[in-house]
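In the text below, chain A, chain B and the rest are named by the order of the sequence lines, each starting its count at 1. For the numbers below, each heavy atom of this structure counts, side chains included, while hydrogens, waters and symmetry mates do not. Predicted model only: the values in this text are computed from it and were never measured.
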There are 2 protein chains.
Amino acid sequence: MKRNTKVNSGKRSESVQNCTCFNLRKATRAVTQLFDEALKPCGLYATQFTLLAAVSSKENVAITELSKALVMDRTTLSRNLKPLQKSGWVEVLPGLDKRTKALSLTLSGKKVLKQAMIHWKEVQNEVVMTLGNGNWELLVDNLSSTVKKLNPY
Amino acid sequence: MKRNTKVNSGKRSESVQNCTCFNLRKATRAVTQLFDEALKPCGLYATQFTLLAAVSSKENVAITELSKALVMDRTTLSRNLKPLQKSGWVEVLPGLDKRTKALSLTLSGKKVLKQAMIHWKEVQNEVVMTLGNGNWELLVDNLSSTVKKLNPY
DNA sequence: CATATTTAAGTGTGTATACACGTATTTAGA
DNA sequence: TCTAAATACGTGTATACACACTTAAATATG
């Protein structure tokens with residue numbers, strides 16, 4: 001007798017439980033909370049730490065250019081910069097091209113990034129250890145190649 | 001002569017480029033955009049599809065209970081349900097316990113989920129194929145175990 | 001050189017996310 | 001039983017994210 005509890009072809013990937021998007025978002029929530037917590041003493045969120053680090057390594061970068069590197073919508077980046085400007089950590093100056101802007105860290109921004117780096121290393125190490133170094137490397141490699149393969153830019 | 005371009009101990013995990021949180025969020029952005037695009041004809045976002053599917057498989061579940069299963073803050077779930085209620089896809093009724101609520105899909109919600117499932121399978125298959133089945137399985141396994149290991153619930 | 005196209009950025013709008021704080025109900029303990 | 005603690009949920013607030021639409025500047029094209 002055929003049981004009718006069968007909801008898919010049997011392929012693992014066809015179960016909603018294994019939705020790539022859901023699993024990514026779920027893991028992102030869990031990890032982001034850890035990093036946010038770790039960076040709290042510095043008064044910035046994980047996403048903001050990422051932005052500071054990105055601007056630091058690409059002084060005078062324009063918004064659209066940086067947004068492509070971060071695989072982030074241009075308008076999202078623009079708006080995510082707002083709280084960092086407000087805190088006086090990021091400066092947005094006119095670029096050479098009159099259309100563009102040049103992003104840079106203020107002195108205060110460099111200081112907070114330096115402090116944050118310490119806390120970041122701690123939580124990053126904690127996560128690497130919890131996952132196991134091999135698993136962590138596999139995860140990061142997989143995430144990178146996923147972005148490379150799917151990212152339209 | 002010692003070069004002073006060295007910014008970390010040499011451990012791969014200590015480079016901000018390899019921040020677990022950043023890489024997860026970046027991949028999530030890329031993947032979410034694909035799923036959002038694929039589900040657009042049904043008028044719902046990837047996150048909303050996930051919610052409909054979750055409620056469908058757990059009729060009369062309470063908000064906090066579901067939020068734990070999704071590794072999502074209770075208040076986030078509450079608010080994410082709002083647009084689904086507004087669209088008439090999810091019903092939020094009083095639960096047995098006077099404190100709790102009982103979530104369920106409306107008839108209309110079941111219909112839209114059924115349609116969305118078709119589009120979801122397409123994009124899910126596309127992603128699995130693009131990554132390669134082996135890589136995809138590795139990724140999902142790694143994400144699951146990451147959540148299991150880090151999730152405080 | 002004038003105009004069409006492309007490129008860089010901003011605004012409006014709506015969803016996703018979570019913490020801090022507050023209220024109501026239930027349960028546990030004296 | 002009466003009260004303290006635990007549980008379920010809502011609201012205020014702030015950040016994260018992206019699409020559609022708009023404006024301004026640079027470049028390409030006739």
Side-chain angles (χ1 to χ4, degrees), chain A residues 21-22 24-37 39-40 43-51 60-68 70-87 92-103 151-153, chain B residues 21-22 24-37 39-40 43-52 60-68 70-87 89 92-103 151-153:
Chain A
C21 189
F22 167 55
L24 267 169
R25 296 189 73 91
K26 191 169 50 160
T28 295
R29 285 193 290 269
V31 170
T32 299
Q33 280 175 48
L34 273 182
F35 278 75
D36 277 352
E37 180 64 28
L39 293 169
K40 215 170 188 178
L44 73 175
Y45 294 112
T47 47
Q48 303 180 328
F49 169 78
T50 297
L51 282 197
N60 295 314
V61 72
I63 293 180
T64 298
E65 193 189 334
L66 184 57
S67 80
K68 285 177 182 169
L70 300 175
V71 190
M72 179 182 285
D73 191 85
R74 176 185 58 78
T75 65
T76 300
L77 174 57
S78 249
R79 283 174 161 134
N80 288 358
L81 288 170
K82 284 282 152 50
L84 300 179
Q85 291 176 255
K86 201 175 165 187
S87 299
V92 181
L93 301 170
L96 292 177
D97 187 324
K98 278 182 189 170
R99 295 172 299 180
T100 64
K101 308 220 164 164
L103 304 177
N151 170 23
Y153 295 120
Chain B
C21 189
F22 167 55
L24 267 169
R25 296 188 74 93
K26 191 168 51 160
T28 295
R29 285 193 290 270
V31 169
T32 299
Q33 281 176 47
L34 273 182
F35 277 76
D36 278 352
E37 179 64 29
L39 293 168
K40 213 168 188 179
L44 74 176
Y45 295 111
T47 48
Q48 303 179 327
F49 169 79
T50 297
L51 282 196
L52 288 186
N60 294 316
V61 71
I63 292 179
T64 298
E65 192 188 335
L66 184 57
S67 80
K68 285 178 182 168
L70 300 176
V71 191
M72 178 182 284
D73 191 85
R74 175 184 61 75
T75 65
T76 300
L77 175 57
S78 250
R79 285 178 160 129
N80 289 357
L81 288 170
K82 283 282 152 54
L84 299 178
Q85 289 175 258
K86 200 175 166 188
S87 299
W89 296 329
V92 181
L93 301 170
L96 293 177
D97 187 325
K98 278 181 190 172
R99 295 171 299 178
T100 65
K101 309 219 162 164
L103 304 177
N151 170 23
Y153 295 119

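- Rounded to a whole Å, the CG atom of B/Leu96 is 14 Å from the C1' atom of D/dA8.
- With rounding to whole Å, B/Glu37 atom CD is found 18 Å from C/dT15 atom P.
- Computed from coordinates, the B/Lys86 NZ to C/dT15 P distance equals 6 Å when rounded to whole Å.
- A straight line from NZ of B/Lys26 to P of D/dA18 spans 13 Å, rounded to a whole angstrom.
- The residue A/Thr75 sits close to a base: some heavy atom pair falls under 4.0 Å.
- Residue A/Asp97 contributes atom CG, which lies 8 Å from atom P of C/dA9 at whole-angstrom precision.
- For the pair A/Thr47 and A/Lys98, nearest-nucleotide mapping onto DNA chain D gives the more 5' position to A/Thr47.
- Looking only at side-chain heavy atoms (C-beta outward), B/Leu51 and B/Leu77 come within less than 4.5 Å of each other.
- Here the side chains of A/Leu70 and B/Phe22 are in contact, with some heavy-atom distance below 4.5 Å.
- No hydrogens or angles were tested; on distance alone, a donor-acceptor pair under 3.5 Å links the side chain of B/Arg79 to the base of D/dG12.
- Phosphate contact (OP1/OP2 of D/dA24, side-chain N/O of A/Lys101, threshold under 4.0 Å): absent.
- Comparing C/dT15, D/dC19, D/dC21 by their nearest atom to the side chain of B/Tyr45 picks out C/dT15.
- Heavy atoms of B/Lys40 sit under 4.0 angstrom from primed sugar atoms or phosphate atoms, though from no base atom.
- The closest donor-acceptor contact from the side chain of A/Asp36 to the backbone of A/Ala46 lies under 3.5 Å.
- Within the 4.0 Å cut-off from OP1 or OP2 of D/dT7, not a single side-chain nitrogen or oxygen of B/Lys68 is found.
- For D/dC17, the OP1/OP2 oxygens have a side-chain nitrogen or oxygen of B/Arg25 closer than 4.0 Å.
- Atom CG of A/Leu44 and atom C1' of D/dA16 are 14 Å apart (whole Å).
- Below the 3.5 angstrom threshold, one finds a donor paired with an acceptor across the side chain of B/Arg99 and the base of D/dT7.
- In the displayed structure, A/Leu96 atom CG is contacted under 6.0 Å by at most 12 heavy atoms of other residues, nucleotides or ligands.
- The phosphate of D/dA18 (OP1 or OP2) has a side-chain N or O of B/Gln33 nearer than 4.0 angstrom.
- Between A/Asn80 and D/dC17 there is a side-chain polar atom (N or O) within less than 4.0 angstrom of OP1 or OP2.
- Rounded to an integer number of Å, the gap from CD1 of A/Ile63 to C1' of C/dT11 is 13 Å.
- Remark: side-chain polar atoms of B/Ser67 are paired, donor with acceptor, to backbone N or O of B/Thr64 under 3.5 angstrom.
- The line from CG of B/Leu52 to CG of B/Leu39 is 10.0 Å long, rounded to the nearest 0.5 Å.
- The side chain of A/Thr76 places no N or O atom within less than 4.0 Å of a non-bridging phosphate oxygen (OP1 or OP2) of D/dA16.
- Summary of the strand contacts: B/Asp36 and B/Thr64 both lie near DNA chain D, and taking for each the nucleotide with the nearest heavy atom, the more 5' one is attributed to B/Thr64.
- Here A/Ser78 reaches the OP1 or OP2 of C/dG10: one of its side-chain N or O atoms lies under 4.0 Å away.
- Separating the CD atom of A/Gln85 from the C1' atom of C/dA9 is a distance of 13 Å, rounded to the nearest angstrom.
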